[in-house]
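Heads up, the thing below is written out as structure tokens.
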Amino acid sequence: MDKFIEKLKVVFGDKNLRNRVYFVLGALIIFRFLSSIPIAGVDKLKLDQLLTGNQFLGFLNIFSGGGLSTLSIVMLGVGPYITGSIIMQLLTIIFPKLKEMYQEDGEAGRKKFVQYSRLLTVPLAIFQGFGLLFLLRQSGVVVADTVFDQMVNIIVVTGGSVLVMWIGELMTEYGIGNGTSIIIFAGIIAQMPSTIGQMFASFTVAQIPTYLVFLVVSIIIIAGVVIITEAERPVPVTYAKRVRGAKMYGGVSTYLPIRLNQAGVMPIIFALSLLLLPQMIATFLLGLHQSTLQAIGTFLRDLVANQLYYAIFYFLLVFLFTYFYTAITFDPDNIATNLQKNGAFIPGVRPGKPTAEHLSRILVRVTFVGALFLGIIAVLPLGIRSITGITALSIGGTSLLIVVSVVLDLIKQMNAQISMREY
């Protein structure tokens with residue numbers, strides 16, 4: 001606790017770090033203000049009835065940063081941007097040039113890659129906005145009789161999504177931590193009082209064991225995420241001795257840390273984004289007056305409604321995305337090349353390709369443990385929900401998982417900023 005207070009004093013004692021913290025807080029205040037401005041023609045009473053106990057809209061509300069609960073102009077949140085990032089990263093597997101741009105072309109290549117993700121966000125926001133507004137109009141929540149009113153609402157929510165994306169990127173650049181994750185984090189925190197209030201409103205004495213079990217599971221989730229996020233496999237690295245003039249350099253032994261979970265919270269966010277897509281498509285198809293499309297919509301709805309299938313898909317997506325994101329962020333070939341250029345080697349392993357293969361083997365084994373644990377932790381609240389029937393528990397478990405991961409990432413970013421300041 002004393003160390004934490006000491007670090008806070010360092011942060012607020014340094015002008016640059018203090019300004020970064022204030023920038024994040026200011027951006028969050030602007031975002032929360034925008035999330036309180038509703039779109040035109042909202043029936044608040046019907047909206048509250050629709051949101052109560054609806055798992056699909058509950059998860060969607062997480063990605064909107066709480067903007068969906070008021071049907072605000074930023075109700076789509078960072079969802080379209082996250083979906084665009086997923087699509088772009090999946091395309092790196094199909095198109096080698098995109099992978100080269102992202103991994104090998106340096107900062108310029110990454111900026112270009114991110115720009116493509118931004119451009120893809122706009123059509124995705126239009127599609128998601130149209131689908132969600134169509135659902136809400138069918139439910140009587142949004143009253144938009146004319147085509148003009150519907151078009152205006154779609155344009156407004158698309159613009160709101162692009163604005164949130166911009167705010168998130170500014171937070172990443174001028175603040176501390178990942179802006180997109182912080183926006184989701186802020187939305188979850190803002191919704192916690194109402195979620196807890198709903199749980200207490202429906203509370204009965206018979207449910208005491210259920211809530212106690214959920215409390216224990218929450219503690220396990222927090223402990224598990226902290227342990228897996230902080231755990232790492234050290235790979236010993238030695239720098240060869242070199243003589244320059246009258247001085248000798250190198251001969252130093254260090255290690256290369258390979259984390260059990262290189263991807264952090266991103267696999268959870270990616271998996272939930274993809275799981276929301278078939279639910280949105282199903283809802284849209286069911287509202288159409290065409291028997292074949294309605295049959296497809298019914299099939300998708302029943303598939304997603306089956307808790308067993310949903311949990312299996314969720315686990316597999318989290319597991320696969322952990323490997324996928326790790327493969328993008330940690331390239332053994334590049335690491336091996338950089339080690340060789342700097343005269344470093346892993347004891348007992350030849351430099352070059354053998355080093356890359358050695359790192360790949362370690363990475364596959366280590367990531368398996370992290371991906372397996374993250375997948376189990378992700379579906380654990382769903383299991384409790386299927387036993388108890390309380391929807392808020394599954395949404396609360398996912399929210400808890402994201403909150404813990406984002407807080408850990410913020411702490412790391414803060415420590416990195418403090419270390420740079422001391423250096």
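Heads up: numbering here begins at 1 and tracks the sequence.
- With rounding to the nearest 0.5 angstrom, the CG atom of Leu28 is 11.0 Å from the CD1 atom of Ile189.
- With rounding to the nearest 0.5 angstrom, the CD1 atom of Ile39 is 4.0 Å from the CG atom of Asn153.
- A distance of 8.0 Å separates CZ of Phe313 from OH of Tyr309, quoted to the nearest 0.5 Å.
- Note that CD1 of Ile335 is 13.5 Å distant from CD of Gln340, once rounded to the nearest 0.5 Å.
- Each of Ile73, Leu133, Val162 was evaluated against Val157; a single residue qualifies, Leu133, per the side chain to side chain contact (heavy atoms under 4.5 Å, CB included) test.
- For the atom pair OH of Tyr116 and OG1 of Thr121, the computed distance is 14.5 Å after rounding to the nearest 0.5 Å.
- Across Gly84 and Leu120, no two heavy atoms sit closer than the pair O-CD2, 3.7 Å.
- Of all the heavy atoms in Leu124 and Pro80, the pair that sits closest is CD1-O, 3.7 Å.
- Atom OG1 of Thr326 is separated from atom CZ of Phe321 by 12.0 Å, given to the nearest 0.5 angstrom.
- Here the closest non-hydrogen pair linking Gly77 and Ser161 is O-OG, 3.3 Å.
- With sequence neighbours excluded, the residues that form a side-chain contact (heavy atoms from CB on, under 4.5 Å) with Thr337 are Lys341.
- In terms of heavy-atom proximity, Phe330 sits nearest to Leu256 at CZ-CD2, 4.4 Å.
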Can you give me every donor-acceptor pair (side chain of residues 353-364, partner residue at least two apart or in another chain, under 3.5 Å) with its distance?
| from | atom 1 | to | atom 2 | distance (Å) |
| --- | --- | --- | --- | --- |
| Thr355 | OG1 | Arg350 | O | 2.6 |
| Ser360 | OG | Ala356 | O | 2.9 |

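- The local environment of CZ in Phe127 is sparse, with at most 12 non-hydrogen atoms from other residues, nucleotides or ligands closer than 6.0 Å.
- Within the structure, salt bridge (Lys or Arg N to Asp or Glu O under 4.0 Å) pairs that include any residue of residues 153-167 do not occur (at least two apart or interchain).
- Here Phe319 pairs with Tyr323, Phe368 under the ring pair (Phe, Tyr, Trp, His ring centres under 6.0 Å) rule; sequence neighbours left out.
- Taking both residues in full, the closest heavy atoms of Gly352 and Ala336 are given as O-CB, 3.6 Å, listed atom of the first, atom of the second, then distance.
- Side-chain atoms of Phe31 and Val74, non-hydrogen and from C-beta on, do get closer than 4.5 Å to each other.
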Is there a side chain to side chain contact (heavy atoms under 4.5 Å, CB included) between Arg18 and Val21 once you walk through the steps? CA-CA 5 Å; Arg18 187 171 63 246; Val21 173; 5.9 Å; no
Let me have the donor-acceptor pairs involving side chains of residues 169-188, under 3.5 Å, with sequence neighbours excluded, atom names and distances please.
| from | atom 1 | to | atom 2 | distance (Å) |
| --- | --- | --- | --- | --- |
| Glu169 | OE1 | Arg118 | NE | 2.7 |
| Glu169 | OE1 | Arg118 | NH2 | 3.0 |
| Glu169 | OE2 | Tyr81 | OH | 3.0 |
| Glu169 | OE2 | Arg118 | NE | 2.9 |
| Thr172 | OG1 | Gly168 | O | 3.0 |
| Thr172 | OG1 | Gly179 | N | 2.8 |
| Asn178 | OD1 | Thr180 | N | 3.0 |
| Asn178 | OD1 | Ser181 | N | 3.1 |

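- For the pair Ser85 and Met88, the minimum side-chain heavy-atom distance is 4.5 Å or more.
- Annotation: side chain of Met75 is in contact with side chain of Leu132 (closest heavy-atom distance under 4.5 Å).
- Nearest heavy atoms, Gly79 versus Gln128: C-OE1, 4.1 Å.
- With sequence neighbours left out, the side-chain contact (heavy atoms from CB on, under 4.5 Å) criterion links Ile30 to Leu34, Ile167.
- Just one of Thr322, Leu320, Leu316 meets the side chain to side chain contact (heavy atoms under 4.5 Å, CB included) condition when paired with Val318; it is Thr322.
- Residues Glu232 and Tyr255 are in side-chain contact: their nearest non-hydrogen atoms beyond the backbone lie under 4.5 Å apart.
- Counting only heavy atoms from C-beta outward, the side chains of Phe315 and Ile376 approach each other to under 4.5 Å.
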